[in-house]
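A quick write-up on the structure given underneath.
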Amino acid sequence: MSPEKMIMMANQIASFFDSQPGNAPERIADHLRDYWEPRMRSQLAEYVQAGGAGLKPSVEEAVQHL
Amino acid sequence: MKDFIIPQFAPGDDRDMGTPARTGAPVTLTIDGFGVTVPEGTSVLRAAAQVGIMVPKLCASDNMEAFGSCRLCVVEIEGRRGTPASCTTPVAEGMVVHTQSGKIKKIRRGVMELYISDHPLDCLTCAANGDCELQDTAGQVGLRDVRYTPGQNHFDPTDTGARSQAEARLRMPVAEANPRYTPKDESNPYFTFDPSKCIVCSRCVRACEEVQGTFALTIEGRGFESKVSAGTATDDFLTSDCVSCGACIQACPTATLQEKSVIEMGTPERSILTTCAYCGVGCTFKAEMNGDELVRMVPYKHGKANRGHSCIKGRFAYGYAQHKDRILKPMIRDTIEEPWREVEWDEALAFAADRMLGLQRKYGRRSVGVITSSRCTNEETYLVQKMARAVFMNNNTDTCARVCHSPTGYGLGKTFGTSAGTQDFDSVEKSDVVMIIGANPTDGHPVFASRLKKRLREGARLIVVDPRRTDIVRSPHVEAAYHLPLRPGTNVAVVTAMAHVIVTEGLVNEAFIRERCDWDEFQYYVDFVSQDRHSPEAMEALTGVPAADLRAAARLYATGGNGAIYYGLGVTEHSQGSTTVMGIANLAMLTGNVGREGVGVNPLRGQNNVQGSCDMGSFPHELPGYRHVKLPDVREIFEKAWGVEIDPEPGLRIPNMLDAAVDGTFKGLYCQGEDILQSDPDTHHVAAGLKAMECVIVHDLFLNETANYAHVFLPGSSFLEKEGTFTNAERRINRVRRVIHPLNGYEDWEVTQLLANAMGANWHYTHASQIMDEIAATTPSFANVSFDLLEEKGSVQWPCNDDAPEGTPTMHVDHFVSGKGHFIVTEYLATDEKSGPRFPLLLTTGRILSQYNVGAQTRRTANVVWHPEDVLEIHPHDAELRGVNEGDWVRLASRAGETTLRATLTDKVAPGVVYTTFHHPATQANVVTTDFSDWATNCPEYKVTAVQVSPSNGPSDWQESYNEQAERSRRILPAAE
């Protein structure tokens, strides 16, 4: 998927969990594990590793939990 | 329309009991010497029917209130004067009734004689011969003569005293000298209206009012001049308000209203019960047959979803099943540039299997996947997802629910604990307040809409939350108490503001919440929702909904009695679709509107088996029964049953498959009964994804748009050609029965099995019932479901297991499936799809009554008379600004693409909002929609696209090139000799 689309999707998820009680990065990671196919998670992890431009901080932190 | 407490004398017995059932205290009376006990309020006519005494009648029917006009059902009651009509006389304790006596017989014969004196005696050549209540009743009352000499009448066009129209034609072949004679109205493609045969019993008028709720028909004139009229003097049935639901035809006791198929094919001689393959209401029909010819589809009165009613699609639009466009032979081609080559099944299956296996060898086991169909049966869907999991050995399975109700799965799963509507359709009869959010039931779910309208006419209040002024907002004898015309994309803001009102005005049902919900989560939610920023006043500028109206609507929902919410794709198809579903669940929990009749949260499912396809494990993260693939104990159940190891990782969803295809890692797709190129958003991207795949297998009735990019075409079978089950929006599992032999030779589940076996699966199902047995064995909510049980009960609603052996009409009665109900904070986040200078309008899409989804079925029926093309609804103000007039071609453009279509000017849409349907591939409305989607599920944001509208001269370059490509792609070489 295009990086722009991936960033948007990940940030949408983060926006929801950032608004919820509890540990947002962990819940984002749970969501990604439950709904994102491994190659999508890998793409996100690689993107974060490459700097993660445009991603919300909670997404970047969530990737550490994957 | 619902006939309460319907006695079924034998399976399939749907005799007319004369008047509707009642539910009062028991009353015992004697009829012709037989004792009978019936509920208070029951008519004598119905009480007689209950003991098997069918009193002659013409104007009465058990799906409408008694009318008392025909005077044929007269009886004598001991101790009472005269001969009262039994249809309008309620039973009384100790009453002694006689339905036959010399006096009664004389009255009935006299009445009948009068009826027949103004009715043509063409019985032998009449289309209703053998299926005519007038004919039957004449026999029943012993009519042997008509003493009246021919005089003024409505049936003899020549006015020469002819007793039949055949005789009249002989006497005067061309002349029409009788001013009372009105020629047959054949304007409707499905039925005729022949006033010369009408006995003015008003059953059609009453059916249109009481059953359908459209009020299209009326009785015009007085006395002998009385006649049935569809609208004004210049209207015929086609131009009238008639919605072709068929209720009037069913009600007509003569051939006045008659299906054209019966006129053409003759009276049916047998029937088979089956389930409609259109919307999620899941109506039960009698497929009435002559030999192996389907003559007509008639709604079955004991069908628990439809209670004897139907809509134009289920009743009439089944002709696609035998349309000339059906592809009945398998076809293959090496590349999509080549024409199709007809081949035998073995060759097609071997070709497909070799390609898919080759792709997995070359690109890995996760390089291929499946799309299951919400139009196919549970059994077929189950096998297709099983194919992904047990043959492809991955979880790349998804279904079209991805693009409609996947947020329902997520939202209701997180709040209530399972992905399902909470009620049955009967529940609406107990509702006091109904809130419809983002649904258009009169068009999308018409049979439910009729039931809802009936309840509204009885006094229930209605709240509609929709950007458009849909028909349910204001129609004859129905008017919403509040219509909240929100701006597209602001559902969460509106729902949260309603919760704000309920919480801050102290309207919550605290006892319910303390008992049934997680109290800590509730308190957190209260803190959130009480903030001023969520008040209707603070939200008004954003949502466009007047704060006072929103407050009043919230108060009504919270305090008006039983409050029920029905919602549709106007809720789910947004970037915050899942959040809105959770917000709706919050509203129901706040007010205690869960767990009993008349309340609840009810997703109106778009397609016939959306619920079932989701239940069957079509989603890439869930095995059947909504259990995540990550759970080892769940995988173990299926690993044992299937003898394979199941991938614990979630698979690709449809949009992800297309993305991965463009990226080059997803190479093969088996797509059953879906047309993703037309139905999914951002057509350019879908086409690019399909084009990048090396093997696309389309399994369908027709060469649909997706098939333009396919390498293998496997012919499908229609719902008339297969055994199985559909599960409707109320979780009701209904039987689908084979009515005719599959035209291609196989039911769809057989084709899937053949393909799986070609890939080495070694499956050996011999009947769809065996697949259901496997579903029951592996899925707790289906544990007691079997074809035998469905034969016995007609239908059951899941969960159906040892805890609920006969199914579950209402969910969450004592506790939520998940234990406690969960309040979830619903922060409004504006979509990134925003109108601006370049694209200043917001497009929202939907469907209309006569067409269905991508139109593959309905476009191949006479329904195109009502909707031959997609049109763009635009407010007159926006049209004027752009120089657009009614009927003009306009260019509809977004950042994703553009198309052209005709405009219609209407204030149903607010200024700034435009609307269209997506039923016609010539328009391809989805070339305009974008790839934005729901945050949780990837459900596309169909309902909000920023667009510009400008005058146009006709089809765009893209439309023309698309049509050329489609035509080229559909070339078929005949099979080699």
Side-chain angles (χ1 to χ4, degrees), chain A, chain B residues 364 366-367 369 394-396 406 410 414 492 520-521 523-525 527-528 575-576 578-579 582 619-622 628-630 647-653 655-663 665-666 682 685 689 824-832 930-938 941:
Chain A
M1 111 181 90
S2 72
E4 295 77 21
K5 190 170 177 180
M6 178 191 68
I7 293 164
M8 182 178 182
M9 283 167 54
N11 283 345
Q12 277 184 300
I13 294 166
S15 295
F16 178 79
F17 287 108
D18 285 346
S19 73
Q20 302 295 310
N23 184 317
E26 278 181 15
R27 298 187 67 183
I28 295 165
D30 286 344
H31 186 91
L32 294 172
R33 264 194 301 271
D34 283 353
Y35 298 101
W36 281 33
E37 201 255 6
R39 78 193 86 175
M40 297 165 68
R41 302 203 303 262
S42 299
Q43 186 185 354
L44 179 63
E46 284 165 20
Y47 187 78
V48 168
Q49 212 160 21
L55 287 172
K56 291 194 170 212
S58 51
V59 176
E60 294 192 66
E61 201 180 327
V63 168
Q64 311 310 317
H65 294 277
L66 289 176
Chain B
R366 288 177 177 156
S367 64
N394 64 42
N395 286 308
N396 291 335
S406 52
Y410 187 88
K414 293 293 177 191
V492 170
D520 291 341
E521 288 173 351
Q523 288 184 315
Y524 188 90
Y525 177 75
D527 288 344
F528 160 79
S575 63
Q576 280 199 288
S578 292
T579 312
M582 293 187 278
F619 288 142
H621 65 284
E622 286 172 339
H628 204 284
V629 293
K630 70 182 178 185
D647 189 344
E649 290 287 355
L652 294 166
R653 301 169 288 198
N656 312 145
M657 290 180 193
L658 295 165
D659 289 336
V662 171
D663 291 347
T665 63
F666 187 82
D682 195 1
H685 183 61
I824 294 177
V825 167
T826 53
E827 188 72 64
Y828 169 69
L829 299 164
T831 172
D832 287 339
T930 72
D931 64 354
F932 282 4
S933 65
D934 173 47
W935 68 268
T937 65
N938 263 177
E941 192 171 42

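Below, chains carry the letters A, B, ... as their sequence lines are ordered, and counting in each starts from 1. Predicted model only: the values in this text are computed from it and were never measured.
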Scan chain A against chain B and return every donor-acceptor pair whose distance is under 3.5 Å.
| residue | atom | partner | partner atom | Å |
| --- | --- | --- | --- | --- |
| A:M1 | N | B:D663 | OD1 | 3.4 |
| A:M1 | N | B:D663 | OD2 | 2.1 |
| A:K5 | NZ | B:D659 | OD1 | 3.0 |
| A:K5 | NZ | B:D659 | OD2 | 3.0 |
| A:Q12 | NE2 | B:S933 | O | 2.9 |
| A:Q20 | NE2 | B:V825 | O | 2.8 |
| A:H31 | NE2 | B:A936 | O | 3.4 |
| A:D34 | O | B:H628 | NE2 | 2.9 |
| A:D34 | OD1 | B:K630 | NZ | 2.9 |
| A:D34 | OD2 | B:K630 | NZ | 3.2 |
| A:R39 | NH1 | B:T665 | O | 3.0 |
| A:R39 | NH1 | B:T665 | OG1 | 3.0 |
| A:R39 | NH2 | B:R366 | O | 2.5 |
| A:R41 | NH1 | B:E649 | OE1 | 3.1 |
| A:R41 | NH2 | B:E649 | OE1 | 2.8 |
| A:R41 | NH2 | B:E649 | OE2 | 3.1 |

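In this structure, the side chains of A:L55 and A:L44 come closer than 4.5 Å at one or more pairs of heavy atoms. Looking at heavy atoms from C-beta onward, A:M1 lies out of side-chain contact with B:L658 at the 4.5 angstrom threshold.
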Kindly indicate, with the supporting measurements, whether the criterion side chain to side chain contact (heavy atoms under 4.5 Å, CB included) is fulfilled by A:I13 and A:L32. CA-CA 9 Å; A:I13 294 166; A:L32 294 172; 4.0 Å; yes
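Taking B:F528, B:F932, B:F619 one by one and counting their heavy-atom pairs under 4.5 Å with chain A, the maximum is reached by B:F932. In terms of heavy-atom pairs under 4.5 angstrom with chain A, the leader among B:A936, B:A661, B:P655 is B:A936.
Looking at B:L652, the atoms closer than 4.5 Å to chain A (heavy atoms on both sides) sit in the backbone and in the side chain alike. Heavy atoms closer than 4.5 Å to chain A are found in the side chain of B:M582, but not in its backbone. Looking at B:V825, the atoms closer than 4.5 Å to chain A (heavy atoms on both sides) sit in the backbone and in the side chain alike.
Looking at every heavy atom in both residues, B:P648 comes nearest to B:V629 through O-CG2, 3.5 Å. Between A:V59 and A:A14 the shortest heavy-atom distance is CG2-CB, 3.4 Å.
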